J.: 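I am attaching a structure below and will ask some questions about it afterwards.
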Amino acid sequence: MKKVIISLISLLILFGCNAQISLEDAIEEVRDYADFNEETMSIITTKDEDDGRYIVLEDNGYEVEAKVAYDGNIIMFNRLKTNNAIPDSPSNTTNNGNSNSSNNTPSYLSNPNLIDDIEASLKTVLDSLSISEDDIYNLTIEDEYNNNRIIYSIDFNTVDYEYEFLVNPEDLSIINEESDRNDDRFISFDATVTRQRAIEIALETNNLNVDDICDFKIEETYYQGNSIYEIDYDSYGTEYELIIDANSEEVIRNDSYQKGNGHHYRD
């Protein structure tokens, strides 16, 4: 009897250690991460692979593909445009994540008007406050997704206030505005390299076009007393982080790593 009890305990421990996330829970995790609506979302593809559950979901004309490891961690997540065909698994892509057939597979939810939209959205915000770009510092601009559309989050400081804005680049409407008293010390951002040029450098450095990227962020900040641009973006499952000198155009840092792990493979 004692041996039977020990065997049962061993089995429970064994199955507990190898517990796998259910397909339903994996889908729910991806849905929540994508901010999809449960009532309008469709499941396009699910497939069990060696390292996790591969899932493609669609909602309101947009798709996401993801892989959830059996321990429940999301190890791959790409936001896609709807197109004519959905890949059955990531094996349909090349080593760098680009599709083997540009006509039959989805592409990223990228913004080909990224630079123009950034500048227009920032101008809208500054005009609403009747201030100029010379009056602000600690500027950060980031694209976000709201109801499956791209919007811009624009944060900056003035001498007296910290501002946070959300702007719809389609009609340049201000969706939300928040402000608070600013206690930070003013540091002038001294740059001869424009934001537009910094973005171009960040893409050229990794041989990418604006259509190849999504989840873009640019921050005007400081490094060892120098003004720099910090630029982050994703491209086909790889996340890039760059630091560019705002006066010399020097690429101080260019790191990239696969989403879902912290392993950097470019310095």
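Note that the structure is a prediction, hence the values are computed from the model and not measured.
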J.: Roughly how far, to the nearest 0.5 Å, is CD of E28 from CD1 of I21?
T.: 9.0 Å

J.: Could you tell me if D211 and N209 have a donor-acceptor pair between their side chains, going purely by distance under 3.5 Å?
T.: no

J.: Any salt bridge (charged side-chain N to carboxylate O under 4.0 Å, His left out) involving residues 155-179? Give me the pairs, sequence neighbours left out, ordered by first then second residue.
T.: none

J.: Considering only heavy atoms from C-beta outward, does the side chain of L129 approach that of F156 to under 4.5 Å?
T.: yes

J.: Mind checking ring pair (Phe, Tyr, Trp, His ring centres under 6.0 Å) for F189 and listing every partner two or more places apart, or none if nothing turns up?
T.: Y229

J.: Once rounded to the nearest 0.5 Å, what's the spacing between atom CD of E38 and atom CD1 of I27?
T.: 11.0 Å

J.: Using links of under 4.5 Å between side-chain heavy atoms of ILVMFWY residues, direct or through other members, which residues join I175 in one cluster?
T.: I151, L166

J.: Could you tell me which non-hydrogen atom of L57 sits nearest to which non-hydrogen atom of R31, and how far apart they are?
T.: CD1-N, 3.8 Å

J.: Enter the distance from N168:CG to S173:OG here, rounded to the nearest 0.5 Å.
T.: 4.5 Å

J.: Could you tell me whether the side chain of T158 reaches within less than 4.5 Å of the side chain of Y163, counting heavy atoms only?
T.: yes

J.: With sequence neighbours excluded, what pairs up with T192 under the side chain to side chain contact (heavy atoms under 4.5 Å, CB included) test?
T.: N247

J.: Please enumerate all residues that pass salt bridge (charged side-chain N to carboxylate O under 4.0 Å, His left out) together with E142, with sequence neighbours excluded.
T.: none

J.: Going by the rule side-chain hydrogen bond (donor to acceptor under 3.5 Å, both in side chains), which residues pair with Y137 if we only count those two or more places apart in sequence or in a different chain?
T.: N182

J.: If you measure from OG1 on T238 to CG on N206, what distance do you get to the nearest 0.5 Å?
T.: 9.5 Å

J.: What do the steps show when you test D234 against Y240 for side chain to side chain contact (heavy atoms under 4.5 Å, CB included), and what is the final call?
T.: CA-CA 6 Å; D234 292 355; Y240 295 86; over 6 Å; no

J.: Got T45 and Y54 here, is their nearest side-chain heavy-atom distance under 4.5 Å?
T.: yes

J.: If hydrophobic clusters are built by linking Ile, Leu, Val, Met, Phe, Trp and Tyr wherever their side-chain heavy atoms come under 4.5 Å apart, do I252 and I231 end up in the same one?
T.: no

J.: From E204 CD over to E249 CD, what is the distance, rounded to the nearest 0.5 angstrom?
T.: 9.0 Å

J.: Return the minimal non-hydrogen interatomic distance between I244 and A198, and the atom names on each side.
T.: CD1-O, 3.4 Å

J.: Could you verify whether a donor N or O on one side chain and an acceptor N or O on the other, from E241 and Y233, lie under 3.5 Å apart?
T.: no

J.: Step by step, would you call M41 with E58 a side chain to side chain contact (heavy atoms under 4.5 Å, CB included)?
T.: CA-CA 6 Å; M41 180 196 75; E58 185 272 339; over 6 Å; no

J.: Are V210 and F216 close enough that some pair of their side-chain heavy atoms sits under 4.5 Å apart?
T.: no

J.: My understanding is that a hydrophobic cluster links ILVMFWY residues whose side chain heavy atoms are under 4.5 Å apart, including indirect links. Using that, what else belongs to the cluster containing L172?
T.: none

J.: Do V64 and F36 come close enough that some side-chain heavy atom pair is under 4.5 Å?
T.: yes

J.: Could I get the full list of ring pair (Phe, Tyr, Trp, His ring centres under 6.0 Å) partners for Y152, not counting sequence neighbours?
T.: none

J.: Over all heavy atoms of both residues, which pair between L242 and D232 is shortest? Give the atoms and the distance, please.
T.: N-OD1, 4.3 Å

J.: Keeping the roles fixed (side chain from S42, backbone from I44), state whether a donor-acceptor pair exists under 3.5 Å.
T.: no

J.: Please name all residues satisfying salt bridge (charged side-chain N to carboxylate O under 4.0 Å, His left out) with D25, sequence neighbours left out, ordered by chain then number.
T.: none

J.: How about N138 and E220: do any of their side-chain heavy atoms sit closer than 4.5 Å?
T.: no

J.: In Å, rounded to the nearest 0.5 Å, how long is the span from CD of E230 to CD1 of I243?
T.: 5.0 Å

J.: Using the test salt bridge (charged side-chain N to carboxylate O under 4.0 Å, His left out), find all partners of D135 that sit at least two apart in sequence or belong to another chain.
T.: none

J.: Using only atom types and a distance under 3.5 Å, with no angle test, would you say the side chain of S227 pairs donor to acceptor with the backbone of D190?
T.: yes

J.: Which atom pairs, donor and acceptor, lie under 3.5 Å between side-chain atoms of residues 112-126 and protein residues at least two apart or in another chain?
T.:
unit_1, atom_1, unit_2, atom_2, d
D117, OD2, N111, ND2, 3.1
E119, OE1, R195, NH2, 2.9
E119, OE2, R195, NE, 3.0
S121, OG, D117, O, 2.7
K123, NZ, D127, OD2, 2.7
T124, OG1, A120, O, 3.0

J.: Does some side-chain heavy atom of N176 sit less than 4.5 Å from a side-chain heavy atom of F165?
T.: no

J.: For residues L139 and I141, report the shortest heavy-atom separation together with the two atoms involved.
T.: CD1-CG1, 4.0 Å

J.: State plainly whether the residues D215 and K217 are in salt-bridge range, i.e. N to O under 4.0 Å.
T.: no

J.: Using the side chain to side chain contact (heavy atoms under 4.5 Å, CB included) criterion, which residues pair with T40? Sequence neighbours excluded.
T.: N37, D59

J.: I228 and T221: side chain to side chain contact (heavy atoms under 4.5 Å, CB included), yes or no, with the steps?
T.: CA-CA 5 Å; I228 61 167; T221 185; 3.7 Å; yes

J.: Identify the two heavy atoms, one from E144 and one from S153, that lie closest to each other, and give their separation to 0.1 Å.
T.: OE2-CB, 3.3 Å

J.: Verify whether one side chain among R53 and Y70 offers a donor that lies under 3.5 Å from an acceptor in the other.
T.: no

J.: Side-chain contact, heavy-atom cut-off 4.5 Å: I136 with N157?
T.: no

